[in-house]
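The figures that follow rest on heavy atoms only: side chains count, while hydrogens, waters and symmetry mates do not.
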Amino acid sequence: MVGQAYSRRGGNKSGFSPTKFIRRPLVFRVSVASLALLVVWSWFGKEHREDWPAELDNPENVKLSVSEDGTDPTIERFLQDIVPGEETLLDDENQFITAKNIAHGLKIWVAPINKQTLMCLKSLSGCGDNAGAWDKRLYLFLRELNADVKPEEADFVFIPNFQFCFRNNPGCYGTIGNRPADEADSLYLIYKETLETLERLAPGRDWTNRFIVPMSHEHGGCGKSDENGEHSQRHPVLKDQIAISTLGNVDGNCYQPQLDVVVPPFMDYGAVKWAEKLPASEHREYLLVNLSTQSSRHVDKVENLMNRFAQQGCPENPDKCVFKPIGDLSSEEYLYYLRKSRFCLMPAGRNGFSYRIWAALFTGCIPVLLMEDGQLPFQDFLDYRKFVITLNTRGVLIENIDLEALLTSIDLSSAKALQVNGGRARRSFDYRAPFARAMGPYGLLLETLKKRKQQLGFNGMICLHEDEGVTSALPSEKAGEDCRDVKMSNGRAVETPRPPSGDPEEEEAAARFPMV
């Protein structure tokens, strides 16, 4: 308001002058500066922190956890938990170079992981199993790959959120008043800390659509679920930001199709190792196996479909069908039946598709997905028609679907092709090493983010402007001293082509599924 009054009246009639301000006592100047920062933070919060809980904005109400033995955990110890005996996740120079080639044209600043998060990851239960390990590997992968990226030049910012750990260990991050911090609180606090760091390191940048936040399993952008596992609303800090999870349910409140990235489900690696040892067999004893759990949204449709199939195909040939509650089976029994069946019926769950698709791919069972317009993992780069049979059940009368006729009409050679292609697609669902694979989940995530960058209009022109020792990012038309990783053509920024990875198998796979 002071500046507006000055400019409208054509002179300093408001009584304010820089000289007078400087001559004021130090306490007065500090108070005014603090008030100005509060106003800026309030505006910034209104833009980027909609519905921010007031209780988290009060520092006196937030008590962060401290190490019981007084020794803060380190990132090195965290790395040893993920890849014991290794100093890096990308364990040799070739892996690092391959990953750099895949990520060419993409810059991600990975926010530092704080000691509260490290304590949650290190010392508490529920963080080391399969559903909690994928985001750990992703964090370390991106951290090593983008170690040289600065905030002022970054296309995206990766926030180290470990929702699975925070949810299973309430209070590990700290307390809010008299209650333990939950997974939604932890994300709020990490997000706020990241914003404060960015305002210090890269002041003035607009971070809308640029934050990447991994979320737990099928939660998508939801802050947390209720006691029944049902989704609530999208977490406020994720409005207009990118959530990474297995959620592809377009009907829910927690998924933003134009921004979010749907990644493969998280595998039971112990069961996968057991399944990989099973002898391969072209003879499938069963035509169809239905071992999936059924979400409330699809339970009626699935029951009707399976009852009709059982009446038509199973009475005369009972050995053709396997219907067993998945909760009654061990992982080995579950995979055994998949291994013995030609087709696997997989109704969509809360995430919009069946996350058990990984089990089908690793046992050679052809997935038959019942979906309602859900998004599949990396579907822009994987041609699911080559290894999955998808039945869209939205608005379709179940009695009009002749499942037996559909499956028996697929001849042996076509079924074999589906199985072979499914075997090739396994690597896109496998979060284990080697991590630098063009068609692996990390490589496809990088490709998806490059596509998001293009769709969101990020033109690659990150131009740095230095004024009195302070470096800030400006639009390309306003600065040109240091414009990185781009070439100019007719006044436009053009990214240089990505070099080939050098891996013939990966290049062949990339050619089979063009990355456009």
Quiz item: Got a donor-acceptor contact below 3.5 angstrom from the R427 side chain to the G440 backbone?
Solution: no
Exercise. Give a yes or no answer on whether the side chain of T363 reaches the backbone of A360 with a donor-acceptor pair at less than 3.5 Å.
Key: yes
Practice problem: Begin from the C-alpha positions of H235 and Y191 and carry the test ring-ring contact (aromatic ring centres under 6.0 Å, His included) through to its verdict. | Solution: CA-CA 11 Å; H235 198 295; Y191 188 92; 8.0 Å; no
Practice problem: Provide the closest heavy-atom pair for V262 versus L247 in the form atom of the first, atom of the second, distance. | Solution: CG2-O, 3.3 Å
Practice problem: Using a 4.5 Å cut-off on heavy atoms from C-beta on, say whether the side chain of Q375 contacts that of Y255. | Solution: yes
Exercise. Would you check if D155 and R452 make a side-chain contact, meaning some heavy-atom pair closer than 4.5 Å?
Key: no
Practice problem: Report yes if some heavy atom in the side chain of V263 is under 4.5 Å from a heavy atom in the side chain of V261; otherwise report no. | Solution: yes
Quiz item: Any donor and acceptor pair, going by atom type alone, linking the side chain of Q241 with main-chain N or O of V213 inside 3.5 Å?
Solution: no
Quiz item: Taking N146 for the side chain and W109 for the main chain, is one N or O donor matched with an acceptor at less than 3.5 Å?
Solution: no
Quiz item: Would R77 and D72 pass as an ion pair if we require N to O under 4.0 Å?
Solution: no
Exercise. With salt bridge (Lys or Arg N to Asp or Glu O under 4.0 Å) as the test, would you mind laying out the steps for R167 and D182 before giving the verdict?
Key: CA-CA 6 Å; R167 185 180 68 201; D182 59 25; over 6 Å; no
Quiz item: Can you name the nearest heavy-atom pair linking P377 to P264, along with the distance?
Solution: CB-N, 3.6 Å
Quiz item: Would you find more than 12 non-hydrogen atoms of other residues, nucleotides or ligands less than 6.0 Å from Y336 atom OH?
Solution: no
Exercise. Give me the one residue out of L391, L406, T390, V388 that meets side chain to side chain contact (heavy atoms under 4.5 Å, CB included) with V368.
Key: L391
Practice problem: Check whether any side-chain N or O of E183 sits under 3.5 Å from a backbone N or O of Q163 as a donor-acceptor pair, and report yes or no. | Solution: no
Quiz item: Is K100 reaching over with its side chain to a backbone N or O of L145, donor-acceptor style, under 3.5 angstrom?
Solution: yes
Practice problem: Report the distance from atom CG of N114 to atom OG1 of T117, rounding to the nearest 0.5 Å. | Solution: 4.0 Å
Quiz item: Are K150 and E153 close enough, and set up right, to give a salt bridge (Lys or Arg N to Asp or Glu O under 4.0 Å), and what steps lead you there?
Solution: CA-CA 6 Å; K150 300 177 181 179; E153 63 180 343; over 6 Å; no
Quiz item: Would you say the side chain of N169 lies within less than 4.5 Å of the side chain of C120, judging by non-hydrogen atoms?
Solution: no
Exercise. Quick one: pull up CD1 in I108 and CZ in F156 and give me the separation to the nearest 0.5 Å.
Key: 7.5 Å
Quiz item: Minimum heavy-atom separation for G171 to S65, with atom names?
Solution: O-OG, 3.5 Å
Quiz item: Out of curiosity, I366 CD1 to F387 CZ, how far, rounded to the nearest 0.5 Å?
Solution: 12.0 Å
Quiz item: With respect to the side-chain SG atoms, do C172 and C165 come within less than 2.5 Å?
Solution: no
Practice problem: Tell me, with the steps shown, if R179 and D185 meet salt bridge (Lys or Arg N to Asp or Glu O under 4.0 Å). | Solution: CA-CA 11 Å; R179 64 175 178 83; D185 300 321; 2.6 Å; yes
Exercise. Could you please spell out the steps behind the side chain to side chain donor-acceptor pair (under 3.5 Å) verdict for S414 and D411?
Key: CA-CA 5 Å; S414 298; D411 59 41; 2.8 Å; yes
Quiz item: Which class fits the ring pair F162 and Y139: parallel under 30°, tilted 30 to 60°, perpendicular over 60°?
Solution: perpendicular
Quiz item: Do I244 and L445 touch side chain to side chain, with heavy atoms closer than 4.5 Å?
Solution: yes
Quiz item: Distance-only, no hydrogens or angles: does the Q80 side chain make a donor-acceptor pair with backbone N or O of G85 under 3.5 Å?
Solution: yes
Quiz item: Between K450 (side chain) and I102 (backbone), is there a donor-acceptor pair under 3.5 Å?
Solution: yes
Quiz item: Nearest heavy-atom pair of L446 and A99: which atoms, and what distance?
Solution: CD1-O, 4.4 Å
Practice problem: Nearest 0.5 Å please: distance from the CZ atom of F141 over to the CD atom of Q95. | Solution: 8.5 Å
Quiz prompt | Nearest-0.5 Å distance, NZ of residue K416 to CZ of residue R342 | solution = 11.0 Å
Quiz item: Is there a donor-acceptor pair under 3.5 Å between the side chain of K453 and the backbone N or O of G105?
Solution: yes
Quiz item: Between L140 and F78, is any pair of side-chain heavy atoms under 4.5 Å apart?
Solution: yes
Exercise. Please name the pair of heavy atoms, one in A359 and one in L335, separated by the smallest distance, quoted to 0.1 Å.
Key: CB-CD2, 3.8 Å
Quiz item: Are R426 and W358 side-chain neighbours, meaning at least one heavy-atom pair lies under 4.5 Å?
Solution: no
Quiz prompt | Short side-chain to backbone donor-acceptor contact, E144 and L90, under 3.5 Å | solution = yes
Quiz item: Got a second to check how far D260's CG is from I212's CD1, nearest 0.5 Å?
Solution: 11.5 Å
Self-check item: Within-4.5 Å side-chain heavy-atom neighbours: L444 and M439
Solution: yes
Quiz prompt | Plane angle bin for Y173 and F166 - parallel if under 30°, tilted between 30 and 60°, otherwise perpendicular | solution = perpendicular
